Amino acid sequence: MMELREAGTGELATLTDWIADAQECLSWGGPRVRFPLEPEALAEQLVVAPGNSYWICDAGRRIGFGQLLERGPGRLHLARILIDPARRGQGGGRALVAGLVEQARQRKAESATLNVYRWNPAARTLYQSLGFVATSPPAAEEVRGDDVISMSMTLSASR
């Protein structure tokens with residue numbers, strides 16, 4: 001059974017095995033995260049804080065990572081979603097994103113947002129299947145070029 005659990009700063013070294021090169025690192029972490037990943041620098045580069053970074057675990061093993069970042073009143077942003085390459089296509093991404101959305105609901109967020117690259121159709125399809133729709137990026141939001149699609153989901157505050 002898969003479960004979402006908060007990521008501790010001492011566990012981030014797991015991510016170093018999942019990022020193969022500088023381009024993959026930039027695509028996942030943005031310009032703030034440097035390749036090669038250095039475990040002792042990741043907490044600062046990822047701005048890890050209580051309640052914003054999570055693992056999806058399968059039988060206690062970390063198989064995916066994602067963040068839930070505050071981006072304005074009532075809006076939480078899913079970011080830096082990554083699944084262990086050896087575990088892709090096995091439901092970890094769905095469990096991770098669904099878990100992050102549930103966290104956003106529990107925090108009474110009105111909406112959840114994320115960005116996805118156009119060249120990542122598997123991720124786009126997953127997000128759409130969970131209820132995200134393509135939208136214009138929020139005002140003053142940093143979006144990396146025309147190859148990025150902003151997506152959002154309206155959350156019911158009464159859930």
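Remember, predicted model here, so these are calculated numbers, not experimental data.
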Nearest non-hydrogen partners of [X] and [Y], listed with the distance:
X: S152; Y: T135; answer: OG-CG2, 3.1 Å
X: A109; Y: L76; answer: CB-CD1, 3.9 Å
X: I63; Y: G92; answer: CD1-CA, 4.0 Å
X: E24; Y: W18; answer: OE1-O, 3.2 Å

*K108, E110, R105 screened by side-chain contact (heavy atoms from CB on, under 4.5 Å) with L155, the one that passes*: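 Looking at K108, E110, R105, the match for L155 under the side-chain contact (heavy atoms from CB on, under 4.5 Å) is R105.
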_Residue from N115, V116, L114, L96 passing side-chain contact (heavy atoms from CB on, under 4.5 Å) with L78_ =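 Option passing the side-chain contact (heavy atoms from CB on, under 4.5 Å) with L78: L114.
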*State whether the side chain of Q67 and the backbone N or O of A79 hold a donor-acceptor pair below 3.5 Å, judged by distance alone.*
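Absent.
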*Does N120 use its side chain to pair, donor to acceptor, with the backbone of Y117 at less than 3.5 Å?*
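No; zero donor-acceptor contacts below 3.5 Å.
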Any side-chain donor-acceptor pair under 3.5 Å between [X] and [Y]?
X: T113; Y: R71; result: no
X: R32; Y: Q45; result: no
X: R94; Y: S129; result: yes

If you group Ile, Leu, Val, Met, Phe, Trp and Tyr by side-chain heavy-atom gaps below 4.5 Å, do [X] and [Y] land in one group?
X: L4; Y: M153; answer: yes
X: Y127; Y: M2; answer: yes
X: L126; Y: V101; answer: yes
X: L100; Y: L69; answer: no
X: L130; Y: I149; answer: yes

*Does the side-chain contact (heavy atoms from CB on, under 4.5 Å) test come out yes or no for R80 and L46, once each step is laid out?*
CA-CA 9 Å; R80 297 186 178 111; L46 297 174; 3.3 Å; yes
[atom2] on [Y] to [atom1] on [X], rounded to 0.5 Å:
X: S111; Y: H77; atom1: OG; atom2: NE2; value: 11.0 Å
X: T154; Y: F132; atom1: OG1; atom2: CZ; value: 10.0 Å
X: W28; Y: F65; atom1: CH2; atom2: CZ; value: 5.5 Å
X: I56; Y: I81; atom1: CD1; atom2: CD1; value: 11.5 Å
X: L37; Y: T14; atom1: CG; atom2: OG1; value: 11.5 Å
X: S27; Y: L82; atom1: OG; atom2: CG; value: 11.0 Å

For [X], look at atom [atom1] and say whether over 12 heavy atoms of other residues, nucleotides or ligands are found less than 6.0 Å away.
X: E70; atom1: CD; result: no
X: E38; atom1: CD; result: no
X: E40; atom1: CD; result: yes

_Does D84 form a salt bridge (charged side-chain N to carboxylate O under 4.0 Å, His left out) with R62? I'd like the steps, not just the answer._
CA-CA 8 Å; D84 176 347; R62 295 183 292 267; over 6 Å; no
*Is any NZ, NE, NH1 or NH2 atom of the basic residue among E11 and R5 found under 4.0 Å from an Asp or Glu carboxylate oxygen of the other?*
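Result for this pair is yes, salt bridge flagged.
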*Start with the C-alpha gap between W55 and L12, add the side-chain angles, then the distance that decides, and say whether side-chain contact (heavy atoms from CB on, under 4.5 Å) holds.*
CA-CA 10 Å; W55 296 109; L12 299 176; 4.3 Å; yes
*Audit row: D58, R87, side-chain contact (heavy atoms from CB on, under 4.5 Å) steps and yes/no*: CA-CA 10 Å; D58 188 10; R87 296 297 305 263; 2.6 Å; yes
*Would you mind reporting whether T16 and P39 have side-chain heavy atoms less than 4.5 Å apart?*
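SC-SC contact between P39 and T16 confirmed.
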_Between I83 and Q90, does the side-chain contact (heavy atoms from CB on, under 4.5 Å) criterion hold? Intermediate values first, please._
CA-CA 10 Å; I83 300 297; Q90 298 175 28; over 6 Å; no
*Residue list, side chain to side chain contact (heavy atoms under 4.5 Å, CB included) with Q106, at least two apart or on another chain*: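 Result, side chain to side chain contact (heavy atoms under 4.5 Å, CB included) vs Q106: E102, Q103.
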